[in-house]
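To start, the structure itself, in structure tokens.
Remember, it's a predicted structure, so these values are computed and weren't measured experimentally.
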Amino acid sequence: MQVPPTNPAAPTAPRRRRSRTLGVAALAVSLLMAFPTAQSAFGDEAQEVPGGGDLGPNVLVFDPSTPDIQGKVDEIFEKQESAQFGSDRYALMFKPGTYDNINAQIGFYTSIAGLGLKPDDTTFNGDVTVDAGWFDGNATQNFWRSAENLALNPVNGTNRWAVSQAAPFRRMHVKGGLNLAPDGYGWASGGYIADSKIDGQVSPYSQQQWYTRDSSIGGWGNGVWNMTFSGVEGAPAQSFPEPPYTTLDTTPVSREKPFLYLDGDAYKVFVPAKRTDARGVSWNGTPQGESLPLDQFYVVKPGATAQTINAAVEQGLHLLFTPGVYHVDEPIRIDRANTVALGLGLATIIPDNGVTAIKVGDVDGVKLAGLLVDAGPVNSETLVEVGPDGASGDHAANPTSLQDVFVRIGGAGPGKATTSIVVNSDDTIIDHTWVWRADHGDGVGWETNRADYGVHVKGDDVLATGLFVEHFNKYDVQWSGENGRTIFFQNEKAYDAPDQAAIQNGDIKGYAGYKVDDSVTTHEGWGMGSYCFFNVDPTIRQQHGFQAPVKPGVKFHDLIVVSLGGQGQYDHVINDTGSPTSGTSTVPSQVVSFP
């Protein structure tokens, strides 16, 4: 959540590498002969986990002949429009074909997607809309929803997608314009577009920051603080700070998010191939990647246990989480290379008793996508771990990726975690994450939802594209690995710091929003912003938004810090470089490059 701006309309470094039986089979008995069995890690036999099956009650599948599509979509929206911390989850899936006179309004924990192999296979003569009427025209809390794999012919020529964090717009074709602000041009706070084609102009209006990757646009309307583009055909030219456009011709490494689709009458999951120096959408011509039939997935439904989920992975199945909330009393462990773990409808995992929710092994090509991890009331040391501590495998040819993996501490109720995401594996791609220590909702307070660190990257050659991390008690992002790169960063420091002493970091006033360790020799970042809003004690001063060693291989481009409404101030942008913010007006302080 953010307060408004004052004028809302308006070279690769060398790699550094760190140093790095199952039991006996049980006897088969006649009682078990009718059931397939699989051996567990303890050596005893367990019933085999079946692959495939139906998608459960909260995946609604439509075809063009389905009666009263609009009525059903409206019914879901009425339930979800203001259900910011509710427990219902939905995926609205549309079979290939043409749908007339549709206006699909999308509320919380609702995903809408086409079931074709390409966006143009499923066409709406209509709109997929997010607005902010539920919040008096303020879109800064329009979180946790998504639109994917559809073509739109907007009724009035422009589709409205007025969102803030954790609301991806992926693999979409808008045959017209795209408006990123709510009706009335109220406030909005940043979002994400990838692998999409917008034939007309994208108009941000009041959007404070936005990241667009590997897409094609007909034009871009304006910028408030930080508009970043990589691999976007039609993107505005580099011009930071005025207008505040950061533009990279290509994205160094990317791999689009896996998605469910129909091959005839058979459900499959398409896993797009890795791209290097990508520009434009991935779906011109024949999509490159691999199709996995649904019977190779354990279709996870509410009530499933971590034990069954882990047995499915050990057995060789991928994971497809249907919309729902899943409590786990032990980590979900993914130690098999190339495993896909895909969530539909913001499927949510809550760790019980302080366990880690997800642990990925130091293996090639794991794909985590479309999942929300919600901290439990007992402190977890970590919530998501990619690779064990000290991981050293080379995954450059086939990296693990996290896409639309969101983390929340508090808001829906008390939650605690020392560090939300730890990335130990080299070459990992973090593609769009919002890691959020809640500033509103239930279970919110400086110690109530204590969470010291947001994302800690220890692996080498990790790339983050679209990194949103907010409100942690200490560092929001800490980067310890070599040759890390971040394209677009959005951060707010914790609103609720009680006083200056509570955030004192030795002789430094406050913990940086983005900290690169002193030992690091190569690191690079583009289009990065940190904001403060110390509403409990507006006299707090934050020494800087960014901290990094001054070395030839550590480079930053287009940095910005903002005091939101004058509630607290920054003394500098990075280290002791950059002018301070001042006064009560929301005027950014900018550093074009560092050092």
Side-chain angles (χ1 to χ4, degrees), residues 1-2 84-85 141 143-144 164-166 327-328 331 348-359 371-386 389 402 405-424 430 433-458 464 467-480 489-499 501-505 510-515 530-537 540 542 545 547 568:
M1 175 183 174
Q2 294 182 336
Q84 182 171 181
F85 298 111
Q141 293 184 25
F143 312 140
W144 304 307
S164 290
Q165 293 86 355
H327 283 263
V328 295
T348 302
I349 299 170
I350 302 176
D352 294 330
N353 302 319
V355 303
T356 297
I358 302 172
K359 290 190 175 185
L371 296 169
L372 170 60
V373 176
D374 212 348
V378 178
N379 186 75
S380 293
E381 189 65 24
T382 58
L383 292 173
V384 178
E385 292 182 14
V386 181
D389 193 40
L402 281 67
V405 174
F406 309 128
V407 173
R408 178 172 65 194
I409 300 96
K416 292 186 177 184
T418 303
T419 306
S420 292
I421 297 178
V422 178
V423 177
N424 293 306
I430 307 170
T433 187
W434 186 39
V435 183
W436 184 61
R437 175 181 167 266
D439 62 275
H440 63 273
D442 293 331
V444 171
W446 185 249
E447 296 295 344
T448 305
N449 62 331
R450 181 84 194 187
D452 283 350
Y453 308 104
V455 176
H456 191 178
V457 177
K458 300 180 181 180
L467 185 60
F468 299 72
V469 189
E470 297 188 305
H471 305 154
F472 286 84
N473 295 76
K474 293 185 178 178
Y475 294 122
D476 297 275
V477 171
Q478 183 176 1
W479 211 293
S480 306
F489 173 64
Q490 188 262 327
N491 165 252
E492 291 178 354
K493 295 305 302 173
Y495 291 0
D496 56 345
D499 51 39
I503 63 166
Q504 193 66 21
N505 180 16
Y511 291 79
Y514 190 103
K515 152 84 169 173
S530 180
Y531 316 134
C532 72
F533 183 68
F534 295 117
N535 60 336
V536 175
D537 181 358
I540 291 175
Q542 175 83 18
Q547 184 180 353

Step by step, would you call F468 with F489 a side-chain contact (heavy atoms from CB on, under 4.5 Å)? CA-CA 6 Å; F468 299 72; F489 173 64; over 6 Å; no
Without swapping roles, check the side chain of N449 against the backbone of A438 for a donor-acceptor pair under 3.5 Å. yes
To check you understand the geometry: which heavy-atom pair defines the closest contact between V423 and I430, and what is its length? CG2-CD1, 4.0 Å
Restricting to non-hydrogen atoms, name the atom on G411 and the atom on V444 that form the minimum distance, rounded to 0.1 Å. N-CG2, 4.0 Å
With a 3.5 Å distance limit and no angle check, can you tell me whether N473 reaches the backbone of A451 through a side-chain donor-acceptor pair? yes
Pairing residues for Y511 by the side-chain hydrogen bond (donor to acceptor under 3.5 Å, both in side chains) criterion, not counting sequence neighbours: none
Checking N491 side chain against V469 main chain: does a donor-acceptor pair fall under 3.5 Å? yes
Quick one: sort the F143 and W434 rings into parallel, tilted or perpendicular, breaks at 30° and 60°. tilted
With sequence neighbours excluded, tell me which residues meet side-chain hydrogen bond (donor to acceptor under 3.5 Å, both in side chains) with D537. T539
Please list, chain by chain and in numerical order, all residues satisfying side-chain hydrogen bond (donor to acceptor under 3.5 Å, both in side chains) with Q547, sequence neighbours excluded. none
Taking all non-hydrogen atoms of both residues into account, name the closest pair between S530 and G513 and its distance. OG-CA, 4.5 Å
Check for a donor-acceptor pair, side chain of D476 on one end and backbone N or O of V455 on the other, with a separation under 3.5 Å. no
Going by distance alone, is a donor N or O of one side chain under 3.5 Å from an acceptor N or O of the other, for W144 and Q165? no
In sequence, state the C-alpha distance, the side-chain angles, and the governing distance for S480 and H456, and then conclude on side-chain contact (heavy atoms from CB on, under 4.5 Å). CA-CA 7 Å; S480 306; H456 191 178; 2.7 Å; yes
How about T356 and T382: does a side-chain donor come under 3.5 Å of a side-chain acceptor? yes
Please list, chain by chain and in numerical order, all residues satisfying side-chain hydrogen bond (donor to acceptor under 3.5 Å, both in side chains) with N505, sequence neighbours excluded. Y475
May I ask you to check whether F533 and Y495 place their ring centres under 6.0 Å from each other? yes
Before you tell me yes or no, could you show the steps for V373 and I350 under side-chain contact (heavy atoms from CB on, under 4.5 Å), namely the whole-Å CA-CA distance, both residues' side-chain angles and the distance that decides it to 0.1 Å? CA-CA 6 Å; V373 176; I350 302 176; over 6 Å; no
How long is the straight-line distance from CG of D442 back to OG1 of T448, given to the nearest 0.5 Å? 11.0 Å
Between K493 and Y531, is any pair of side-chain heavy atoms under 4.5 Å apart? no
Please list every donor-acceptor pair under 3.5 Å in which a side-chain atom of residues 413-422 meets a protein atom from a residue at least two apart or in another chain.
from: T418; atom 1: OG1; to: N379; atom 2: ND2; distance (Å): 3.1

All heavy atoms of A502 vs all of D499, minimum pair found to be N-OD1, 2.9 Å
Here the pair of heavy atoms bringing G445 nearest to D496 is C-OD2, 3.4 Å
Roughly how far apart are F85 CZ and R408 CZ, rounded to 0.5 Å? 6.0 Å
Any Lys/Arg nitrogen of R437 or D439 sitting under 4.0 Å from an Asp/Glu carboxylate oxygen of the other? no
Step by step, would you call Q490 with E470 a side-chain contact (heavy atoms from CB on, under 4.5 Å)? CA-CA 8 Å; Q490 188 262 327; E470 297 188 305; 2.8 Å; yes
To the nearest 0.5 Å, atom CD of Q478 lies from atom CZ of F472 at 13.0 Å
Give, for atom OG1 of T348 and atom CG of L371, the distance between the pair rounded to the nearest 0.5 Å. 8.5 Å
Determine the minimum heavy-atom distance between Q141 and Q84, stating which atoms define it. OE1-NE2, 2.9 Å
Report the distance from atom CZ of F406 to atom CG of D374, rounding to the nearest 0.5 Å. 13.0 Å
Validation row: L372, I349 side chains within 4.5 angstrom (heavy atoms): no
Using the test side chain to side chain contact (heavy atoms under 4.5 Å, CB included), find all partners of A497 that sit at least two apart in sequence or belong to another chain. W446, I503, F534, I540
Interatomic distance, H327 atom NE2 to D352 atom CG [nearest 0.5 angstrom]: 5.5 Å
